[in-house]
Asks: 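Would you mind keeping the following structure in view while I ask a few things?
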Amino acid sequence: MNEAHLPWCAVVAASAQTLVAFTCLSVWGAFACWGVFPNSLILSSIMFGPFLIVSIISTLGLWRGKTYGWFTGVFGDGVISLVLFFVAHPWYISALPAAVIALLLISKVRKFFFPTYPDGGLSIIR
């Protein structure tokens, strides 16, 4: 898989994942800078750091056309979407990570990231 030859559907999924990573970075930075607690940077890193790290790893992997980017995207966005669904109000804030998961599960995207599997990688998920 060559980095320069990403199909358009993989580019759309990687772009959407980039938005999720930028949102995680913005929330982390806002909580770290605007916090009123003495250790806002540490607390922000503990609370939002894992989400930010998984989002960045997924973004880099998707843009490079690597399979680990697909796996971390599905896992990380699934966790982020569930956390936002149960914690954030209104609930539709969790729509962006859920949309990225839907984009990653499109058959053309799966076939790009799992070229050796005839079913586009679905045998791994089952």
Side-chain angles (χ1 to χ4, degrees):
M1 290 178 278
N2 193 352
E3 295 176 31
H5 299 294
L6 288 174
W8 66 271
C9 52
V11 169
V12 170
S15 300
Q17 179 61 40
T18 303
L19 285 174
V20 171
F22 181 73
T23 303
C24 289
L25 179 66
S26 299
V27 169
W28 173 79
F31 190 84
C33 295
W34 296 336
V36 293
F37 300 111
N39 296 322
S40 294
L41 180 62
I42 295 170
L43 291 174
S44 178
S45 298
I46 290 170
M47 290 172 39
F48 303 112
F51 301 120
L52 179 62
I53 290 170
V54 170
S55 294
I56 290 173
I57 290 171
S58 175
T59 301
L60 292 175
L62 288 174
W63 279 113
R64 291 180 181 163
K66 304 292 182 181
T67 306
Y68 72 85
W70 188 89
F71 279 118
T72 56
V74 171
F75 173 73
D77 289 332
V79 171
I80 290 170
S81 184
L82 283 174
V83 167
L84 287 175
F85 181 77
F86 289 116
V87 172
H89 296 286
W91 60 269
Y92 56 81
I93 292 176
S94 65
L96 180 61
V100 174
I101 293 172
L103 287 171
L104 290 174
L105 292 176
I106 292 175
S107 66
K108 287 184 179 182
V109 176
R110 280 193 331 263
K111 287 179 184 177
F112 174 73
F113 287 106
F114 299 102
T116 57
Y117 294 99
D119 60 352
L122 275 182
S123 61
I124 293 174
I125 297 173
R126 286 187 221 161

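All figures in this text were calculated on a predicted structure; none of them were measured in a lab.
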Asks: Does atom OH of Tyr92 have more than 12 heavy-atom neighbours, drawn from other residues, nucleotides or ligands, at distances under 6.0 Å?
Replies: no
Asks: So, do Trp70 and Leu105 sit near enough that their side-chain heavy atoms are less than 4.5 Å apart?
Replies: yes
Asks: Can you measure from CD1 (Ile53) to OG1 (Thr72) and round to the nearest 0.5 angstrom?
Replies: 12.5 Å
Asks: Quick one: side-chain hydrogen bond (donor to acceptor under 3.5 Å, both in side chains) pairs with a partner in residues 46-60, sequence neighbours left out?
Replies: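 Every candidate side-chain hydrogen bond (donor to acceptor under 3.5 Å, both in side chains) pair involving residues 46-60 fails, so no pair, neighbours aside, qualifies.
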Asks: Which value, rounded to the nearest 0.5 Å, describes the distance between Leu62 atom CG and Leu104 atom CG?
Replies: 5.5 Å
Asks: Do Ile106 and Val12 share a hydrophobic cluster, counting only Ile, Leu, Val, Met, Phe, Trp and Tyr and linking them when any side-chain heavy atoms are less than 4.5 Å apart?
Replies: yes
Asks: Heavy atoms only: give me the nearest Ala16-Val100 pair and the separation to one decimal.
Replies: CB-CG2, 3.6 Å
Asks: With sequence neighbours left out, write down each residue that passes side-chain contact (heavy atoms from CB on, under 4.5 Å) with Ile42, or none if nothing qualifies.
Replies: Asn39, Ile46
Asks: Can you list everything that forms a side-chain contact (heavy atoms from CB on, under 4.5 Å) with Pro7? Sequence neighbours excluded, please.
Replies: Cys9, Ala10, Phe112
Asks: Hey, does the side chain of Thr67 reach the backbone of Phe113 with a donor-acceptor pair shorter than 3.5 angstrom?
Replies: yes
Asks: Do Phe51 and Leu19 land in one hydrophobic cluster if side-chain heavy atoms of ILVMFWY residues count as linked below 4.5 Å?
Replies: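 Shared cluster, yes.
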Asks: Does a side-chain heavy-atom distance below 4.5 Å link Leu103 with Val109?
Replies: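 Result no, sub-4.5 Å side-chain heavy-atom pair not found.
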Asks: Between Ala32 and Leu41, which heavy-atom pair has the shortest distance, and what is it?
Replies: CB-CD1, 3.8 Å
Asks: Taking only residues two or more places apart in sequence or in another chain, which ones pass side-chain contact (heavy atoms from CB on, under 4.5 Å) with Leu52?
Replies: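 Leu52 satisfies side-chain contact (heavy atoms from CB on, under 4.5 Å) with Cys24, Leu25, Trp28, Ile56 only.
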Asks: Same cluster or not: are Ile101 and Val20 linked, directly or through other Ile, Leu, Val, Met, Phe, Trp or Tyr residues, by side-chain heavy atoms under 4.5 angstrom apart?
Replies: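 Result: yes, single cluster for both.
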Asks: Sort and list the pairs that fulfil side-chain hydrogen bond (donor to acceptor under 3.5 Å, both in side chains) and have at least one residue in residues 12-23, not counting sequence neighbours.
Replies: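 Of all non-adjacent pairs touching residues 12-23, those that pass side-chain hydrogen bond (donor to acceptor under 3.5 Å, both in side chains) are Thr18-Trp63.
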Asks: Name each donor-acceptor pair under 3.5 Å that joins a side chain in residues 74-89 to protein atoms two or more places apart or in another chain, with its distance.
Replies:
residue	atom	partner	partner atom	Å
Ser81	OG	Ser94	O	3.4

